[in-house]
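A quick write-up on the structure given underneath.
Below, read A as the first sequence line, B as the second, and so on, with proteins coming before strands; counting in each chain starts at 1. In this text the structure is predicted, and so the values were computed from the model without any measurement.
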Amino acid sequence: MVLILALAPVAVNGQQAQSASSSSRYQAPVLSAGDTSKLKGPRQPIFFRHDIHAGQDQIPCMYCHYSASVSSEPGIPSLQTCMGCHQLIGGTPPSHQAEIKKVRDAWRERKPPEWIRVHALPGFVRFPHMRHIKALGTNACVTCHGDVQHTTQISQVSTLRMGWCVRCHIKNNVTRDCSVCHY
Amino acid sequence: MTDSLDRRRFLKVLGVTGAGAAALSSCGIGPEPTERLIPYLIQPEDQIPGTATYYATTCRECAAGCGVRVRIREGRAVKLEGNPDSPINRGRLCARGQAGLQGLYNPDRIAHPLVRNANGTFDDIDWDGAIQRLAAKVRESQGKGIVFLTGAEQSTFGDLVDEWMKQVGGRRMSYEPFGFEALRAGNRMAFGTASLPSYDFGNAKYLISFGADFLDTWLSPVEFQNGFSQAHAFDAGRPASMAKFVFVGPRMSLTGMNADEWIAARPGTEGTLALAMAQVILSQHLARVPADASRLVSVLGAYSPSAVAQAIGIDAGTIVRLAREFARSGGGLAVAGGMAAQYPNAAEIVAAVNILNYVVGSVGSLVKFGADLAIGSTNTFADLTSLTTDMTAGHVGLLFIHGANPAHSLPGAFQQALAKVGYKVSFSSYMDETAAACDLILPDHHALEQWGDSRPRAGVIALQQPVVQPVFDTRPTGDVILKLSGKSGTFQDYLQGKWRTRRPKGFDQYWFDALAKGGIYGDAPTRAVRLAQGVSKISFGPLVAPAVQDQQVIVFPHPALHDGRGANKPWLQELPDPVSKIAWHSWVEVHPDTAAKWGIATGDFLLLKSSFGAQKFPAWITRSVRPDVLAVPTGQGHTAYGRYAKDRSANAFELLGAQATTYGGRSFIVSASATKTGEHRKIVTTEGSPRERGRGTVEVLGLARAKALHPGEAPFHHEETPEYASDAVAWWAERQHEKAEIGNYKGEQPRWGLAIDLSKCTGCAACVTACYAENNIATVGEELMQRGREMSWMRLERYWLTDEHGEPQGAVNSPMLCQQCGNAPCEPVCPVYAAYHTPDGLNGQVYNRCVGTRYCSNNCPYKVRYFNWYNYAERGGQYEAFPEPLSMLLNPDVTVREKGVMEKCTFCVQRIRGAQNQARLENRAVRDGDIVTACQQTCPSEAIIFGDLNDKRSQVYELAGNPRGYHVLAGLNTKPAITYLARVVAQDTPSHG
Amino acid sequence: MALPLPKPLNDLFNPPPTPGVLAVFPYLDATIDAIKKLRGAGHTDFTVYSPIPRHEIEDALGQAVSPVRMFTLVGGIAGCSIGAWLTLWMSADWPIVVGGKPVGSIPPYVVIMFEMTILFGALSTILGILFNTMFAARRAGTILYDPRFTNDRFGIFVPAGSDKVAKVESLLRDAGAEEVRRG
Amino acid sequence: MAEQGSPVRVTYDYVTRTIARTLGTPSRGYFLLLGAAVALLGVGIITLLFLLRYGLGLAGYSHPVYWAVFITCFVFWVGIAHSGTLISAILFLFRSGWRTAVYRTAEAMTVFAVMTAGLFPLIHIGRQWYFYWLIPYPNERGLWPNFKSPLIWDEFAIGTYFTVSTLFLIMGLIPDIAAVRDLATGWRKKLYALTSIGWTGSNEQWRHYTRGYLYLAALATPLVLSVHSVVSWDFAMALVPGWHATIFAPYFVAGAIYSGCGMVITLLTPIRKIFGLEEIITVKHFENLAKLCLLTGSIVGYAYACEYFMAWYSGNPTERAAFWYRAFGPYWWATWTMIICNGFLPLLLWFKKIRTNITALFVISIFVNIGMWFERYVIIVVSLAGEPYEPWANAVYNPTWADWGIMAGSFGWFFMWFLLFVKNFPAVSISEVKEVLAPPRGKASKAHV
């Protein structure tokens with residue numbers, strides 16, 4: 001309880017506070033219901049926290065988004081992947097336990113959660129993830145998806161508009177040929 | 001569009017599914033819908049989202065048993081491609097095979113079991129209820145006669161049916177509308193064996209087809225076409241380059257169109273011609289004839305060319321010439337089939353042709369008994385007729401129908417007989433005429449959804465595995481039968497059990513290989529055959545021409561729709577018939593002289609009245625049919641069978657008689673009266689000018705000329721640039737190029753190109769359907785196609801080759817698609833750079849940038865750009881091209897175009913980019929052969945080669961330098977990336993209009 | 001004709017009234033006479049009204065050529081160069097090759113340059129006219145006017161202080177004014 | 001003007017009042033006409049809504065005829081737009097006096113015709129809601145239009161032409177508005193007071209005005225010639241046989257002026273009658289217009305002959321095929337309509353009797369309009385339909401209700417604006433008509449008598 005109170009202010013602007021203290025291992029804030037309502041981005045059916053998984057527990061992105069480095073689509077983890085850990089890990093704070101319970105229920109009912117899509121491109125755009133990761137490295141995710149490791153709830157950080165893509169292509173001096181993305 | 005694809009239906013699939021197939025309209029007006037991502041419950045280990053996986057299985061669109069590889073994306077089958085491991089089709093596939101997908105995702109599939117209720121309509125019923133009901137029926141009808149009617153099933157499924165029928169005391173019959181009774185009868189007459197040999201077209205040096213349409217519908221079209229193109233193609237390297245091909249028949253079919261010479265023999269006299277040729281060969285000792293052939297002398301004596309010429313309708317000299325050419329070629333192959341095998345005297349014709357093969361010693365070398373084709377083993381038409389009689393007599397208490405639609409293709413008597421059957425059960429996946437007449441419908445899985453196998457040819461067992469989750473609440477008929485027969489387990493177990501008997505030891509490996517390869521491919525030993533004893537006693541019929549009272553009407557199988565089973569697939573409906581170029585309806589072929597006599601024009605309706613039925617068809621006036629013959633295709637005229645087939649044109653089967661021929665077959669020629677009804681319709685044709693008018697669209701070389709060409713020669717170059725200008729043009733091009741060397745265009749780039757060998761292209765149009773499948777091309781339907789709005793990026797132009805009298809001898813078929821010009825006229829006129837030149841030499845077309853001024857198309861001399869007049873992807877729109885669940889076969893890698901944008905071929909740019917991405921991942925350059933365009937992949941005659949023209953080692957580079965190479969309309973200095981290789985014809989004075 | 005106008009337009013169109021004499025002439029020749037006489041008497045800044053432009057009047061007044069032509073010239077040149085910049089820079093900004101032609105090819109761009117020349121030339125001519133005429137109005141201040149001047153009468157307004165008025169009046173009458181007014 | 005023996009003496013005052021009278025309260029007939037125009041416009045708008053919702057498929061297009069009635073109308077209206085500036089600018093430079101009485105009508109016609117023409121490129125594109133992509137404006141994507149495309153040239157040419165001809169019209173109007181202002185009362189006086197932006201006719205104003213007008217004319221003249229040349233290049237730049245010809249620019253310009261004059265006659269005849277301007281717009285004016293028609297018509301006829309001759313003389317098989325198809329193909333009727341209306345009909349104007357017979361001229365002018373519409377139809381549709389490069393491309397083109405609906409709308413749009421104009425602004429130039437009259441002469445002495 002005390003802990004929660006102590007951390008509450010951090011939680012609200014957790015990102016900045018944490019990325020500052022890079023020396024010590026990142027501690028994702030514990031949030032109360034009030035704080036979570038303030039967060040940017042859509043509220044997913046299960047309150048999945050990248051800052052805990054990717055930041056605190058330092059699970060590599062590719063562990064869940066398994067195909068990002070080999071395919072055009074990054075892939076989202078199957079429920080099986082979640083259960084791989086959450087068979088055992090039940091979470092300490094009640095808020096966490098509640099969310100993890102949802103995962104287990106979903107697994108029991110064979111009914112995967114319907115995640116709300118955050119990063120979507122129009123149908124006439126091709127974005128081969130693997131080529132970008134090949135070129136920019138496995139940590140390149142942040143260039144488009146933002147500092148996911150320290151983000152509690154995912155929201156779209158870059159415009160994903162054409163000009164945004166093109167500027168980056170110009171910066172990195174790679175092709176601007178239309179038919180690379182549009183066909 | 002993404003959310004309109006109901007993901008729940010196929011696997012629990014990633015939300016990203018179909019994002020690629022999202023319509024361009026999502027960039028139109030209105031906000032994007034919020035998408036939902038549904039993750040897999042359990043990640044299938046062989047599925048990587050965004051990456052295609054291929055599964056080997058077997059095509060069941062016809063009985064040829066071609067191997068296919070199914071391209072799966074996120075659990076959806078998005079493309080069928082030939083399986084290179086299969087010895088039948090060697091990695092190639094025909095239009096009908098390609099369209100198999102539209103059978104799988106057909107919007108008119110029966111979604112769940114149906115049972116007929118009191119007032120004649122169908123009610124839904126759950127599977128268990130249905131099976132119980134059926135079990136009861138089986139019990140009570142035992143002894144009352146149980147018949148299980150299947151299609152051509154040489155398979156484990158067939159075996160299962162046989163077993164079960166044995167168990168319940170019923171009998172199984174198999175039915176193929178275009179049966180092969182005559183071939184078997186003829187073989188029995190000549191060689192004393194009823195089996196169908198396999199034919200080695202590839203090694204033939206001279207080909208004569210007596211009516212056999214081996215390129216479109218006969219036996220195993222893809223295999224034969226592949227062999228044919230090997231034999232018939234011109235290859236300067238080969239000693240006996242280009243086997244001459246002569247087609248004998250009253251009507252020029254797709255096969256006939258590819259002949260170097262067309263002998264329009266009077267119907268029924270094909271055999272006489274064969275005998276006459278044999279007679280010449282024997283009497284003039286043109287070949288080393290087998291010893292026992294001497295027994296033929298007595299038979300053949302009467303058939304001297306002079307004696308029969310008049311009956312056949314050609315002059316004796318021609319017969320002698322043909323005989324000489326045939327024998328001297330030292331590898332002559334004669335085949336009889338198609339029409340010739342469907343006359344009343346077809347058996348004799350086949351026997352005669354057998355004799356012709358025999359006397360030149362081709363039997364055993366090119367005609368291989370032993371490696372027998374299974375398709376012949378269906379029941380004869382006579383059997384079916386007797387079945388009809390039994391049914392009428394009420395001797396059939398329970399009738400099962402699977403994989404056949406007899407109510408459409410059998411005589412009317414069968415429909416009436418159906419009513420007399422106690423209980424009728426259909427396993428059809430579609431509401432066809434037969435199913436509609438049944439009491440219980442237990443929809444079967446589609447072939448791509450279930451286990452199975454087939455034995456198309458001795459030694460070959462093609463395995464069929466489920467590649468997608470069932471789309472609807474259907475069940476494999478195998479499972480149902482097993483349940484009914486009280487056996488445990490599924491059909492899969494049954495199948496594996498059967499296979500295990502073949503290889504008890506190390507079965508798992510055996511099975512795994514079969515799955516991976518798509519089957520077990522062995523070679524059956526060739527069996528030597530001798531002339532039958534009775535051969536000398538065969539009476540080959542009269543030598544005088546029968547007095548023709550009425551017009552002879554020929555009913556021939558439609559190359560795409562075949563007996564009508566293709567009619568519910570829009571791709572096949574919209575595919576112009578290779579000969580007439582007519583789509584969406586049937587027609588009657590009339591010779592101009594006849595037309596003039598009756599005063600009819602193309603589009604006028606003719607009422608054909610035979611003594612068995614009457615139907616009316618719009619006339620198509622053409623020289624490709626004999627004046628005393630009318631020809632009508634089957635395939636249309638369905639009264640059921642879904643939105644695409646229903647109430648379209650007329651059913652040609654209804655003209656035919658119910659009487660079986662002497663050899664137990666069915667006669668597809670009938671004499672009928674033709675009367676002008678006065679009605680007229682605008683026929684739906686893509687045909688422009690049937691004459692090429694010397695525009696340089698197609699080039700034709702005489703054989704001698706072609707042989708004389710030596711490497712480095714360029715007979716067509718002058719059309720590119722006249723000598724005096726070439727320097728100036730080269731200099732100019734160089735300067736322009738320098739000025740364009742900027743930005744992305746700097747440095748070494750590939751230049752993608754295509755080489756199309758017109759000597760190989762048969763015009764079968766498999767490439768067209770493959771293109772539809774690969775590129776999400778919309779089918780626009782009859783009304784719009786009539787207004788010239790078909791979207792086919794690739795079209796086949798058929799220009800007649802004529803003899804000195806202007807009579808067609810064959811045709812040159814030229815696939816016309818975007819030429820990806822170096823100096824493209826379409827590009828500079830686009831105000832928004834939607835049409836532009838990519839650094840790798842394509843004419844890029846950026847759909848989402850296009851505003852639709854259509855200037856590019858006006859300025860395209862090849863007219864290969866197509867405009868979206870409507871939103872063909874609009875849900876429930878008037879012209880919706882992909883109604884649920886058809887939309888599931890949309891290729892996620894290709895944008896679905898919105899209304900108001902121009903679209904065209906881009907050499908399957910999605911495949912190019914895919915290969916480049918893969919190569920980049922593997923830190924290598926793209927290799928020649930990495931990229932295969934959809935048209936190239938499917939082309940049964942291997943006429944299309946894709947590659948990088950800047951890569952000196954690539955195959956396409958070599959072909960581009962071929963002396964036969966030319967560019968279409970090169971005089972316009974468009975610098976096309978497609979090199980056509982001139983068609984070579986056997987006669988040395990070709991002319992094409 | 002005073003219209004309610006917002007500042008600063010009001011200052012422009014309705015400057016403070018100028019004292020002077022307005023004469024209405026029925027005949028052209030009389031008007032010319034008057035002009036000659038006035039100039040002879042040393043008047044320079046008087047205004048002549050006429051329903052149509054007559055070169056006789058211009059000659060009599062001996063006016064310099066209007067500076068409007070400079071506006072036209074400058075506008076034209078500006079237009080042409082804007083056209084050139086537009087086409088060449090925009091092609092170079094994202095080089096795209098079409099029809100195997102150079103990225104920046106002059107011949108097609110000449111059309112754009114030409115049109116821009118005309119457009120800007122015309123616009124600045126209009127501006128020139130407006131500017132000059134208004135400038136003139138401003139200098140003259142609000143002076144007497146008679147509606148008949150746009151119909152069939154000629155008129156002369158001579159600005160004159162109370163001392164000179166009488167003299168001017170008589171001068172104009174002699175010249176043949178059918179009516180003379182003070183203002 | 002004041003010819004000998006004309007019943008009334010045409011004075012400055014007469015001119016002012018006669019022309020000012022045309023602005024009087026409109027009759028019922030006027031409102032009927034206006035209503036009809038608006039109704040037509042309504043038809044066009046409804047059709048356009050259908051096109052937007054369902055796509056261009058509603059029109060008759062078919063492969064390979066990808067341009068048809070819409071572009072035909074576009075070129076037709078651009079053509080109409082030409083005589084206006086020609087008469088006002090070129091004839092002004094040539095100091096030909098007769099223009100004064102007719103140029104205002106012609107100019108107004110020009111402006112409204114361009115307004116009409118300008119709509120078609122927007123209507124005929126597949127995704128009308130993206131038309132602004134043709135405009136070079138800085139955007140997030142960093143994309144610019146392709147200045148090599150004749151369509152962009154069009155955009156600039158038409159845009160410039162519209163701006164300049166509008167300014168030209170307004171310039172000419174100002175002194176006249178001042179004139180009617182000084183006669184008018186009530187709201188009209190307010191309107192004219194505003195629109196005449198303080199015109200008094202002072203020597204300073206005339207001095208700059210006349211100069212400026214001269215330079216505008218000087219600029220408008222090459223513009224007129226360029227605009228239709230550019231439009232013609234839409235076709236001449238393409239390699240379609242029947243389009244790809246160097247003769248196109250002059251041929252189109254001549255055709256444009258021809259059609260323009262035709263339309264001027266069509267419009268002036270009723271105006272003259274209804275407004276009783278017989279004394280100001282005399283037969284002589286019509287005759288001069290007729291002569292202009294005769295000249296340009298002959299040029300057009302010559303161009304037709306040239307095209308066929310070159311097709312034959314070049315020996316180019318595709319050219320020959322294209323023109324054979326034109327004359328004797330399925331669209332022969334269109335071709336012959338055009339040849340008769342534009343090639344032969346104007347020859348009647350050699351006869352002074354016909355030239356001076358207003359009714360005859362009116363009838364002929366109607367046929368000129370029809371003929372010129374068909375000329376564009378033939379050039380665009382028939383050339384595409386007869387596509388001779390690719391023998392296999394087959395066309396089955398027939399216009400549909402959508403094509404006619406939009407076309408009707410364009411006429412409604414045009415006439416609506418024109419009718420509104422003639423009732424609210426002097427349709428004949430007051431000051432310039434006066435210019436060609438003898439000024440009131442007379443010395444001071446006489447004045448006192």
Which pairs with one or both residues in residues 80-91 of chain A pass side chain to side chain donor-acceptor pair (under 3.5 Å), sequence neighbours excluded?
-> S78(A)-T81(A)
Hey, does the side chain of H129(A) reach the backbone of E73(A) with a donor-acceptor pair shorter than 3.5 angstrom?
-> no
Does any donor atom in the side chain of Q749(B) or N950(B) lie under 3.5 Å from an acceptor atom in the other side chain?
-> no
With a 4.5 angstrom heavy-atom cut-off, is it the side chain or the backbone of [X] that approaches chain A, or both, or neither?
X: Y836(B); value: side chain
X: T906(B); value: neither
X: N744(B); value: side chain

From the list N923(B), V846(B), L921(B), the residue making the most non-hydrogen contacts under 4.5 Å with chain A is L921(B)
Look at R920(B), Q910(B), Q845(B) and state which one has the largest set of heavy-atom pairs under 4.5 Å with chain A.
-> R920(B)
Residues in salt bridge (charged side-chain N to carboxylate O under 4.0 Å, His left out) with D51(A), at least two apart?
-> R49(A)
Take the angle between the ring planes of F946(B) and F907(B) and call it parallel below 30°, perpendicular above 60°, tilted in between.
-> perpendicular
Plane angle bin for H53(A) and F48(A) - parallel if under 30°, tilted between 30 and 60°, otherwise perpendicular = parallel
Among D177(A), L79(A), T175(A), the residue with the most heavy-atom pairs under 4.5 Å to chain B is D177(A)
Select, from S179(A), S67(A), S72(A), the one with the greatest count of heavy-atom pairs under 4.5 Å involving chain B.
-> S179(A)
Contact part of V70(A) toward chain B, heavy-atom cut-off under 4.5 Å: side chain, backbone, both or neither?
-> both
